[in-house]
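Note sheet for the following structure.
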Amino acid sequence: MGGLVLRAEEWTDAPPAVAFSLFGAGQGAGWVFDALCDHVAVGSAVTMRAPIAGSGGDGVDIIGRITTVRPDREIEIAHDQPWRGRITLRFTADRAGTRVRLFAELDESGLEWLLRRRGYPTARGRSPNPRLGLLTTKSGPGSLFAAAVDNLALLAIEEINAEGGVRGRPVELLVGDDATNPATGVAEAQRLVDAGCKTIMVSTTSATFAAVARALASADVLVVQTLMNEGGGRGRLCLQLGERHEDQLAAGVKPLMRMAGGRRWFLAGNDYCWPRSTHAAARRFLPRAGARVVGERLAEFGTRDYSPLIDEIRCSGADIILSTFVGADSAAFERQCHAMGLRDQCLTLAPAMDESTLLRIGEAASRGLFGVSGYIEQLPTDGNAGLLARYRAKFGRWAPPVSSLSVSVFEAIQLWWYAVRRVGAGDPKRISEAMRPGVFELPRGTVRLGDDGRVDQQIYLTAANGAALELVSAP
């Protein structure tokens with residue numbers, strides 16, 4: 001960790017014990033850096049907004065977990081988004097109130113992120129070493145689902161370099177942040193290309209991936225969408241891995257209707273291409289499964305109040321919600337569904353639900369919530385056990401959980417490395433051709449990649465149990 005420490009502070013007229021007790025209380029009482037957490041205890045998930053100088057806008061959204069609590073005096077938080085570091089909060093008596101001081105450690109990647117956020121160029125010069133680009137979501141509503149992406153990408157690259165790299169040269173990983181915004185993603189992808197990346201792994205919303213794929217269509221660059229998607233990419237330099245919504249619906253719809261004892265579905269999610277495409281697939285699939293769609297609604301990213309939507313779902317008589325919200329919006333929607341009592345009426349199937357988001361939803365609000373994907377952290381495969389052991393050994397106990405959305409980056413880099421060992425890292429077309437077709441043993445198990453780029457894999461229906469997803473039935 002670098003030696004640079006940034007500082008911010010807030011003052012309240014409450015005494016230290018009261019100020020400390022209200023930390024993380026959310027709307028109405030979350031005046032201490034807009035912090036939100038269910039319990040001020042070691043291991044609890046925390047999201048907060050730090051008004052760090054130079055961050056621009058309203059501050060920096062921090063996603064982490066509490067590692068140390070000294071009652072009424074100090075809280076320490078380890079975080080991985082938007083950079084890897086540690087936050088220390090100190091509560092001290094001051095002028096008949098409390099001064100809350102925040103100290104944030106900043107490493108090289110954090111400094112680069114802050115500079116880019118302020119519009120300063122941080123492009124690195126060319127390198128004789130091969131470079132792999134990673135476009136992910138380190139800020140904005142989608143940052144929850146990307147919490148472990150950087151860690152897993154770094155682990156994959158370190159393991160490649162431990163094998164000797166590409167013909168004796170280490171692979172360099174360059175990371176961009178789309179800020180949950182397609183235009184920002186395009187600019188960041190172009191920065192990675194300008195820095196010499198011939199392949200870019202894209203772990204973002206499909207809206208960003210689609211924009212990047214269009215922008216780089218004429219460039220000699222392989223663009224790989226690593227996580228679940230709706231398909232539709234074109235060309236040999238556009239590869240979409242991950243789960244497809246048709247397969248997820250086929251694995252989840254009928255079992256969930258049996259558990260719910262009902263067949264009425266309400267479709268709700270964010271307003272961009274993946275939810276719209278998933279809803280279209282659901283409208284085709286559900287009637288064939290004997291189900292009925294009783295309502296549908298899309299909401300913009302960053303929506304704060306879901307009560308009108310929740311009232312509409314309640315009035316529809318729905319038995320099951322198909323939720324295509326992602327990241328912070330998914331967490332906010334599920335918490336409000338619980339608070340308004342909707343969980344007593346409906347189960348929820350959320351194809352994009354992952355363990356990092358579940359950690360922010362909380363145990364109480366996660367009851368009756370189901371996911372469907374090709375991987376969960378508790379998947380009992382030998383490859384997964386080894387990966388988790390290496391991940392925790394490197395990043396520690398409080399690193400964000402591994403999920404389908406994040407492990408997909410590790411696995412995509414493994415597929416890329418399989419091809420690069422055969423053809424080298426300099427020709428994207430040859431890399432793309434060498435990746436498919438093929439059969440691969442990955443942490444999630446056996447995966448078959450067709451010549452058309454379609455992934456054949458086991459899909460699991462899972463149920464939320466506290467901060468974990470568990471298999472509903474054995475494969």
Would you call [X] and [Y] a side-chain contact if the rule is heavy atoms closer than 4.5 Å?
X	Y	value
T47	D61	no
Y391	S406	no
P443	V402	no
M48	D34	no
V193	L216	yes

Could you tell me whether a side-chain N or O of [X] sits under 3.5 Å from a main-chain N or O of [Y], the two making a donor and an acceptor?
X	Y	result
E10	F33	yes
T180	S139	yes
R390	G386	yes
R422	A434	yes
T208	T205	no
E230	S277	no
D38	G362	no
R101	E9	no

Go through the steps to decide whether E411 and V447 satisfy the test side chain to side chain contact (heavy atoms under 4.5 Å, CB included), and finish with yes or no.
-> CA-CA 10 Å; E411 294 174 330; V447 170; 5.8 Å; no
Kindly indicate, with the supporting measurements, whether the criterion salt bridge (charged side-chain N to carboxylate O under 4.0 Å, His left out) is fulfilled by D451 and R236.
-> CA-CA 10 Å; D451 187 63; R236 298 300 290 180; 3.7 Å; yes
Salt bridge between R191 and E188, side-chain N to carboxylate O under 4.0 Å?
-> yes
Would I376 and E355 satisfy side chain to side chain contact (heavy atoms under 4.5 Å, CB included), going step by step from the backbone distance to the final call?
-> CA-CA 8 Å; I376 58 172; E355 287 87 341; 3.5 Å; yes
Rounded distance (nearest 0.5 Å) linking atom [atom1] of [X] with atom [atom2] of [Y]:
X	Y	atom1	atom2	value
L227	L241	CG	CG	9.5 Å
Q240	F209	CD	CZ	4.5 Å
D178	T204	CG	OG1	5.0 Å
L173	D150	CG	CG	7.5 Å
R90	E74	CZ	CD	5.0 Å
S323	L347	OG	CG	13.0 Å

Which atom names give the shortest non-hydrogen contact between [X] and [Y], and what distance separates them?
X	Y	value
V326	N270	N-OD1, 3.0 Å
P82	V60	CG-CG1, 3.6 Å
A153	V409	CB-CG1, 3.8 Å
V372	G252	CG2-N, 4.4 Å
T137	G142	CG2-C, 3.5 Å
I361	S366	CG2-N, 3.9 Å

Do E158 and L154 pass the side chain to side chain contact (heavy atoms under 4.5 Å, CB included) test, and can you show the C-alpha distance, the side-chain angles, and the key distance before you say yes or no?
-> CA-CA 6 Å; E158 287 191 353; L154 179 60; 4.0 Å; yes
Would you call the rings of W113 and W83 parallel, tilted or perpendicular if under 30° counts as parallel and over 60° as perpendicular?
-> tilted
Angle class for the Y306/F325 ring planes (parallel below 30°, perpendicular above 60°, tilted otherwise)?
->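 Rings of Y306 and F325: perpendicular, as their planes differ by over 60°.
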Test salt bridge (charged side-chain N to carboxylate O under 4.0 Å, His left out) applied to E243 and R444, step by step = CA-CA 12 Å; E243 302 90 338; R444 69 182 63 209; 3.4 Å; yes
Go through D220 and K429 one step at a time and tell me if the salt bridge (charged side-chain N to carboxylate O under 4.0 Å, His left out) criterion holds.
-> CA-CA 8 Å; D220 189 25; K429 290 187 177 67; 3.4 Å; yes
D247 and side chain to side chain contact (heavy atoms under 4.5 Å, CB included): which partner among M228, Q458, R454?
->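 Option passing the side chain to side chain contact (heavy atoms under 4.5 Å, CB included) with D247: R454.
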Criterion salt bridge (charged side-chain N to carboxylate O under 4.0 Å, His left out) on D271 and R276, from CA distance to verdict = CA-CA 7 Å; D271 191 6; R276 290 195 293 267; 2.8 Å; yes
